[in-house]
Amino acid sequence: MGVIAQWIGGRRMLARGAAIVAVASGVAACGSVQNMIPDPANFRLPDRSTFLPTTSNSYAYPISPVTSVGPADLVDGQGACAGAAPASPRGVSLDMTECEVVRTLGQPQGVDLTPQPGGQRRVVMTYKTGERAGSYEFVGGRLTAIERGDEPTPTVAKKPLSKKPRPPA
């Protein structure tokens with residue numbers, strides 16, 4: 001029985017020793033924590049340049065590469081391009097060239113070429129039919145505005161009248 005009492009007492013001593021070591025290391029750590037806390041005098045709030053870009057160009061990048069528009073990128077009076085390529089299945093976006101839009105949507109039903117002051121060219125191409133009917137305005141060979149055209153009125157399917165049998169008289 002004495003061996004068992006010694007063994008239990010030894011466990012108690014071991015537990016007490018572990019508790020003393022834990023408390024001592026905690027107290028020692030508190031002294032070094034003060035060195036880890038930053039000095040409030042050096043603390044500054046971030047300014048707006050941290051969160052906001054400096055220029056608006058940082059928000060949106062051009063979809064198509066912005067290169068100079070050449071004669072091969074411009075349409076003629078009938079809306080045709082010089083090097084007609086097959087239609088590509090993609091959407092229309094601002095800054096596309098005239099011929100990129102023609103390759104995407106097909107040849108327009110109307111083209112209005114207007115010279116602008118300063119030698120710039122203004123073109124309005126009109127699509128009266130199709131999924132993307134509307135007018136597309138180009139300045140300097142690049143798409144600057146899109147206006148949706150008239151949408152066809154949706155057809156409403158009528159329900160057939162149900163014929164109820166009449167009760168016999």
Side-chain angles (χ1 to χ4, degrees), residues 29-30 32-169:
C30 286
S32 64
V33 168
Q34 285 182 345
N35 295 335
M36 293 178 4
I37 297 174
D39 184 20
N42 293 334
F43 181 75
R44 289 187 212 151
L45 289 173
D47 60 347
R48 65 179 267 193
S49 66
T50 304
F51 300 108
L52 299 174
T54 54
T55 64
S56 62
N57 292 338
S58 302
Y59 287 111
Y61 296 101
I63 294 173
S64 60
V66 181
T67 58
S68 61
V69 177
D73 296 322
L74 303 175
V75 297
D76 60 8
Q78 286 75 35
C81 292
S88 60
R90 67 176 205 174
V92 175
S93 63
L94 296 178
D95 280 336
M96 288 178 77
T97 63
E98 297 171 9
C99 283
E100 286 176 328
V101 172
V102 169
R103 286 184 202 109
T104 303
L105 300 179
Q107 193 163 352
Q109 284 81 25
V111 177
D112 180 28
L113 292 162
T114 310
Q116 292 290 309
Q120 269 199 328
R121 167 185 163 120
R122 179 178 178 267
V123 176
V124 177
M125 291 193 288
T126 307
Y127 290 89
K128 297 177 183 172
T129 59
E131 267 184 46
R132 298 183 183 116
S135 62
Y136 296 80
E137 181 179 344
F138 298 85
V139 175
R142 298 259 176 211
L143 182 61
T144 57
I146 302 171
E147 285 186 30
R148 264 184 109 157
D150 296 331
E151 293 183 15
T153 57
T155 57
V156 178
K158 293 183 180 179
K159 287 184 174 179
L161 297 174
S162 62
K163 296 182 182 179
K164 294 182 182 179
R166 291 187 181 179

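What you see is a predicted model, and the numbers here were worked out from it, not measured in a lab.
- Shown here are the side-chain hydrogen bond (donor to acceptor under 3.5 Å, both in side chains) partners of E137, two or more places apart in sequence or in another chain: R122.
- Rounding to the nearest 0.5 angstrom, the gap separating the CD atom in E100 from the CG atom in D95 is 9.5 Å.
- Applying the disulfide (SG to SG under 2.5 Å) test to every pair with at least one member in residues 96-138, sequence neighbours left out, gives these pairs: C81-C99.
- With sequence neighbours excluded, no residue satisfies ring-ring contact (aromatic ring centres under 6.0 Å, His included) with F138.
- The shortest heavy-atom contact between P108 and V111 is CG-CG2, 3.7 Å.
- For residues 71-81, no pair satisfies salt bridge (Lys or Arg N to Asp or Glu O under 4.0 Å), with sequence neighbours left out.
- Side-chain N or O atoms of Q78 include none that pairs as donor or acceptor with a backbone N or O of Q107 at under 3.5 Å.
- Scanning both residues, V101 and Y127, for their nearest heavy atoms gives O-OH, 4.1 Å.
- Within the structure, every pair that satisfies the side-chain hydrogen bond (donor to acceptor under 3.5 Å, both in side chains) test and touches residues 112-121, not counting sequence neighbours, is listed here: E98-R121.
- By the 4.5 Å heavy-atom criterion applied to side chains, V102 and M125 are counted as neighbours.
- Listed by first and then second residue, the disulfide (SG to SG under 2.5 Å) pairs involving residues 105-144 amount to none (not counting sequence neighbours).
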